[in-house]
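To keep things clear, I will list the structure first and then write my remarks on it.
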Amino acid sequence: QVQLVESGGGSVQAGGSLRLSCAVSGYTVSRRCLGWFRQAPGKEREGVATIDNYGRTTHADSVKGRFTISKDNAENSLYLQLNSLKPEDTAMYYCVADTCAMGWVPSYWGQGTQVTVSS
């Protein structure tokens, strides 16, 4: 079975940074596609970034230049570096699988890690 376990969330002030991690099992990061979604209370979920089996990445317009998705094939892990955080970035962030590009529907979801940005 595919399991995705996020970590690294927390509370930071605007302008701060966080690095989210996703430990992946039952799914080979080097050969498959992964991504990050986020959802704030009362709002629709939003695709944040994707990375395919070749390492090619896509980022949502709202986070371009601030967030960076990456992976470590040896550790079979996915990461999201969040820089220059804004209060509107506050959300639950989810690691997802089988998202090779923006618009693809994930097949698997982690339980999420909370990111809270204060002003």
Side-chain angles (χ1 to χ4, degrees):
Q1 68 281 0
V2 176
Q3 291 187 334
L4 309 169
V5 181
E6 303 94 334
S7 62
S11 181
V12 299
Q13 294 185 9
S17 298
L18 286 171
R19 187 187 188 220
L20 308 184
S21 299
C22 175
V24 181
S25 62
Y27 195 90
T28 304
V29 167
S30 65
R31 302 181 66 246
R32 306 292 291 275
C33 302
L34 294 156
W36 291 92
F37 273 70
R38 67 183 181 184
Q39 186 171 26
K43 298 183 179 180
E44 295 183 351
R45 67 178 185 271
E46 174 188 20
V48 176
T50 65
I51 186 166
D52 68 12
N53 52 304
Y54 298 104
R56 297 176 297 193
T57 63
T58 302
H59 297 80
D61 289 342
S62 60
V63 306
K64 283 182 179 178
R66 300 188 299 118
F67 295 4
T68 304
I69 188 172
S70 63
K71 62 180 180 179
D72 186 323
N73 292 335
E75 296 293 327
N76 210 51
S77 298
L78 180 73
Y79 303 96
L80 185 68
Q81 180 67 42
L82 298 77
N83 295 329
S84 302
L85 283 162
K86 305 175 181 179
E88 51 263 45
D89 294 318
T90 295
M92 185 73 74
Y93 284 72
Y94 298 91
C95 177
V96 299
D98 288 338
T99 50
C100 298
M102 299 299 292
W104 285 45
V105 179
S107 295
Y108 305 97
W109 295 72
Q111 291 189 308
T113 186
Q114 179 68 39
V115 171
T116 301
V117 184
S118 61
S119 60

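Worth knowing before you read on, the calculation uses all heavy atoms, side chains too, and leaves out hydrogens, waters and symmetry mates. Numbers here simply count residues along the sequence, with the first being 1.
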Between [X] and [Y], what is the shortest heavy-atom contact and its length?
X   : Y    : value
S17 : S84  : OG-N, 4.2 Å
V48 : F37  : CG2-C, 4.0 Å
A60 : G47  : CB-O, 3.4 Å
A14 : S119 : CB-CA, 4.4 Å

Is any side-chain heavy atom of [Y] closer than 4.5 Å to one of [X]?
X    : Y    : value
V63  : R38  : yes
L78  : W36  : yes
Q114 : T90  : yes
Y79  : C22  : no
Q1   : Y108 : no
L85  : L18  : yes
V117 : K86  : no

Task: ring pair (Phe, Tyr, Trp, His ring centres under 6.0 Å) partners for Y94, two or more places apart - done: W109
Task: hydrophobic_cluster_shared for V12 and L20, side chain cutoff 4.5 Å - done: yes
Task: Joint hydrophobic cluster, M102 plus Y93, side-chain heavy atoms closer than 4.5 Å - done: no
Working to the nearest 0.5 angstrom, can you tell me the gap between [X] [atom1] and [Y] [atom2]?
X   : Y    : atom1 : atom2 : answer
C33 : I51  : SG    : CD1   : 9.5 Å
L4  : S25  : CG    : OG    : 7.5 Å
N53 : C100 : CG    : SG    : 6.5 Å
M92 : T116 : CE    : OG1   : 8.5 Å

TODO: Determine whether more than 12 heavy atoms belonging to other residues, nucleotides or ligands lie under 6.0 Å from atom CZ of R66.
DONE: yes
- [ ] Answer yes or no: are there more than 12 heavy-atom neighbours, outside Q111 itself, under 6.0 Å from its atom CD?
- [x] no
TODO: Tell me, please, which residues at least two apart from K64 pass salt bridge (Lys or Arg N to Asp or Glu O under 4.0 Å).
DONE: D61
Task: salt bridge (Lys or Arg N to Asp or Glu O under 4.0 Å) partners of D98, counting only residues at least two apart - done: R32
Any donor-acceptor pair under 3.5 Å linking the side chain of [X] with the backbone of [Y]?
X   : Y    : value
E6  : T113 : no
H59 : G65  : no
N76 : V29  : yes

- [ ] Can you spot which of T57, V96, T58 makes a side-chain contact (heavy atoms from CB on, under 4.5 Å) with T50?
- [x] T58
